[in-house]
Amino acid sequence: MKFVDEYRSGESVGEYCRALAEITTQPWTIMEICGGQTHSIVKHGIQEMIPPELTLLHGPGCPVCVTPMELIDHAVHIASLSNVIFCSFGDMLRVPGSEKDLFSVKAKGGDVRIVLSPMEALEIAKEFPEKEVVFFAIGFETTAPANAMAIHQARQENLKNISFLVSQVIVPPAMRTILEFPDNRVQGFLAAGHVCTIMGTQEYEPLAREFQIPIVVTGFEPLDIVQGIYMCVRQLEAGCAQVENQYSRAVKKEGNLAAQKLIEEVFQIVPQKWRGVGEIAQSGLGLKNSYSAFDASTRFLLESRRCEIDSPCISGEVLMGIKKPDECTAFGTSCTPDSPFGATMVSSEGACSAYFRYKRVAP
Amino acid sequence: MCLAVPGKIISIHDDGSLMKMGQVRFGGIVKEVNLAYVPSVQVGEYVIVHVGFAISILNEEEAQKVFSYLQEIADEGGQ
Ligand code: SF4
């Protein structure tokens with residue numbers, strides 16, 4: 001496929017790895033933000049191809065992994081109600097809540113449907129006017145335009161029987177949190193390409209300046225990633241701290257203005273909980289007042305409650321790049337993709353699941 | 001989750017509403033995709049598609065840069 005195959009060429013990847021070896025003079029630690037990048041790195045064995053001085057840390061970039069457990073509990077509660085059709089992206093079904101996951105609700109006869117696009121939930125709402133349809137609107141900036149469009153269209157079409165359980169997170173505040181950790185090790189970032197197709201690259205400028213850290217907006221194919229690493233190391237070796245765009249075939253500096261406009265129409269910036277990490281200021285998108293009629297948490301009178309359970313899971317530290325999955329005592333033994341403790345083992349883009357699938361580390 | 005796939009626009013139906021749609025070919029599969037966020041897109045162009053929405057038009061010229069970048073750096077260094 002065009003725009004895919006040529007970016008998997010072993011020869012070009014090899015060229016970048018050799019060039020990297022030439023410019024690397026000391027150890028550097030680089031974090032890739034996005035779970036899609038983590039997946040690609042582990043699958044293609046990129047850590048093993050680059051100079052041993054370079055360490056790749058895996059970042060928090062998987063919306064499935066950071067959706068708070070409390071919200072999974074809310075989803076489970078709503079999905080169990082008899083007049084509800086609960087629609088969700090497939091990845092969310094196996095994410096454990098404090099007691100159950102959505103999959104077990106479905107197995108017990110709950111009407112839980114996997115959709116590929118939020119617009120499908122609208123179609124379902126029109127088809128079943130006597131039912132309450134709820135869409136689990138999770139995502140990073142990448143997914144926000146799709147969710148915003150579904151919510152906006154629901155209002156345009158005056159649909160009364162649909163609402164949205166929203167957990168939208170924003171990436172730059174999480175990068176700031178990582179950099180502010182006292183024991184932060186990250187010296188350079190590969191920013192998430194698809195997030196930037198929407199939001200552009202400008203919001204990373206203040207981070208790069210303030211923390212004197214290079215940030216390279218990077219794609220997802222192996223060649224993208226080795227070029228992103230190369231650009232990052234080149235800056236580190238030269239003492240630079242700039243925002244660069246490796247993924248320029250898809251990312252414009254200003255991002256996607258039409259998408260930003262609809263996001264602003266529907267959402268406002270709110271504090272947001274990240275699973276395993278806690279609340280991060282200004283790191284989420286919530287519905288604006290003008291759309292509050294479509295908020296599932298008010299429609300179903302959900303109360304927020306704390307639900308921490310006792311578990312060996314260190315997925316919060318894995319998400320923030322403090323630990324690697326194979327440092328977890330449960331990894332591959334009591335925690336596997338079939339019976340996951342943490343969301344990072346569920347999502348195909350979670351670091352734990354990527355390690356489990358592709359890395360043959362002895363448990 | 002932020003997985004987004006490149007595909008080629010093979011037709012566009014624009015009824016003037018927010019819901020501009022089109023057909024996009026991914027390898028052997030053709031899918032209906034919402035084009036509201038790529039208002040200027042033309043048939044034959046490639047877009048990146050995420051959960052049923054095209055979120056970006058791929059720039060052919062920029063796409064080649066990854067293959068010439070190392071050479072450019074070497075040339076710069078040699079000057
Ligand atoms: S291996 Fe399982 S228990 Fe350990 S951090 Fe990952 S998800 Fe949590």
Side-chain angles (χ1 to χ4, degrees), chain A residues 1-4 6-7 9 12 15-16 19 34-36 39 61-65 89 91 115-120 138-143 145-147 149 152-153 156 192-195 197-198 219-220 223-224 227 230-231 234 245-252 256 258-259 262 347-349, chain B residues 1-10 14-15 17-21 24-41 44-78:
Chain A
M1 264 192 332
K2 190 171 167 187
F3 290 114
V4 175
E6 64 269 40
Y7 296 94
S9 143
S12 305
E15 257 175 63
Y16 272 98
C34 174
H39 183 97
C62 157
V64 175
C65 302
F89 296 125
D91 294 16
V115 294
L116 299 175
S117 164
M119 302 310 279
E120 284 177 40
I138 67 145
F140 278 172
E141 290 94 323
T142 319
T143 316
N147 287 340
M149 181 69 84
H152 180 73
Q153 253 339 89
Q156 288 299 99
H194 289 146
V195 164
T197 59
I198 307 300
F220 300 84
L223 189 51
D224 292 321
Q227 187 186 16
Y230 182 90
M231 292 166 93
R234 190 163 178 256
N245 184 4
Q246 182 279 327
Y247 200 39
S248 57
R249 66 183 183 277
V251 172
K252 288 194 282 208
N256 184 326
L262 206 69
S347 158
S348 57
E349 289 172 16
Chain B
M1 175 66 218
C2 290
L3 185 71
V5 209
K8 186 177 186 176
I9 302 271
I10 55 173
D14 188 359
D15 61 357
S17 75
L18 252 183
M19 302 301 288
K20 178 170 168 176
M21 300 292 290
V24 178
R25 181 189 299 283
F26 307 92
I29 312 163
V30 174
K31 283 196 167 163
E32 280 289 309
V33 167
N34 188 308
L35 303 179
Y37 295 127
V38 288
S40 68
V41 80
E45 287 187 303
Y46 280 77
V47 289
I48 292 201
V49 177
H50 172 68
V51 297
F53 286 78
I55 54 172
S56 174
I57 303 172
L58 283 161
N59 181 316
E60 301 257 355
E61 206 175 302
E62 293 290 333
Q64 292 310 315
K65 287 195 175 164
V66 65
F67 304 104
S68 55
Y69 176 83
L70 283 177
Q71 190 54 48
E72 271 162 35
I73 297 239
D75 294 348
E76 264 173 42

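As the structure is a prediction and not an experimental result, all values here were calculated from the model. Just so we're on the same page: letters track the sequence lines, and every chain starts at 1.
By the 4.5 Å heavy-atom criterion applied to side chains, His50(B) and Thr197(A) are not counted as neighbours. At a threshold of 4.5 Å between non-hydrogen side-chain atoms, the residues Val66(B) and Tyr16(A) count as touching. Met119(A) places a side-chain heavy atom less than 4.5 Å from the side chain of Phe53(B).
In this structure, OG in Ser117(A) is found 10.5 Å from NZ in Lys31(B), a value given to the nearest 0.5 Å. In this structure, CD1 in Ile55(B) is found 4.5 Å from CD1 in Ile198(A), a value given to the nearest 0.5 Å. For the atom pair Tyr247(A) OH and Lys65(B) NZ, the distance stands at 15.5 Å (nearest 0.5 Å). From Ile73(B), atom CD1 reaches atom OH of Tyr230(A) across 4.5 Å, with rounding to the nearest 0.5 Å. Going from atom CG of Asn245(A) over to atom CD of Glu62(B) covers 7.5 Å, rounded to the nearest 0.5 Å.
For Lys2(A), the parts lying under 4.5 angstrom from a heavy atom of chain B are both the backbone and the side chain. In this structure, the portion of Ala19(A) lying under 4.5 Å from any heavy atom of chain B is its side chain and not its backbone. The parts of Ser248(A) that come within reach of chain B are both its backbone and its side chain, each placing non-hydrogen atoms under 4.5 angstrom from that chain. No part of Glu120(A) comes within reach of chain B, as not one of its non-hydrogen atoms sits under 4.5 angstrom from that chain. With a 4.5 angstrom heavy-atom cutoff, Ile48(B) touches chain A only via side-chain atoms.
In this structure, the ring-ring contact (aromatic ring centres under 6.0 Å, His included) partners of Phe67(B), at least two apart in sequence or on a different chain, are Tyr7(A). For Glu61(B), there are no side chain to side chain donor-acceptor pair (under 3.5 Å) partners at least two apart in sequence or on another chain.
With chain B as the partner, the residue from Gln246(A), Lys252(A), Arg234(A) showing the most heavy-atom pairs under 4.5 Å is Arg234(A). By number of non-hydrogen pairs under 4.5 angstrom with chain A, the leading residue of Ser56(B), Gly52(B), Gly27(B) is Ser56(B).
No donor-acceptor pair under 3.5 Å is formed between the side chain of Tyr46(B) and the backbone N or O of Phe3(A).
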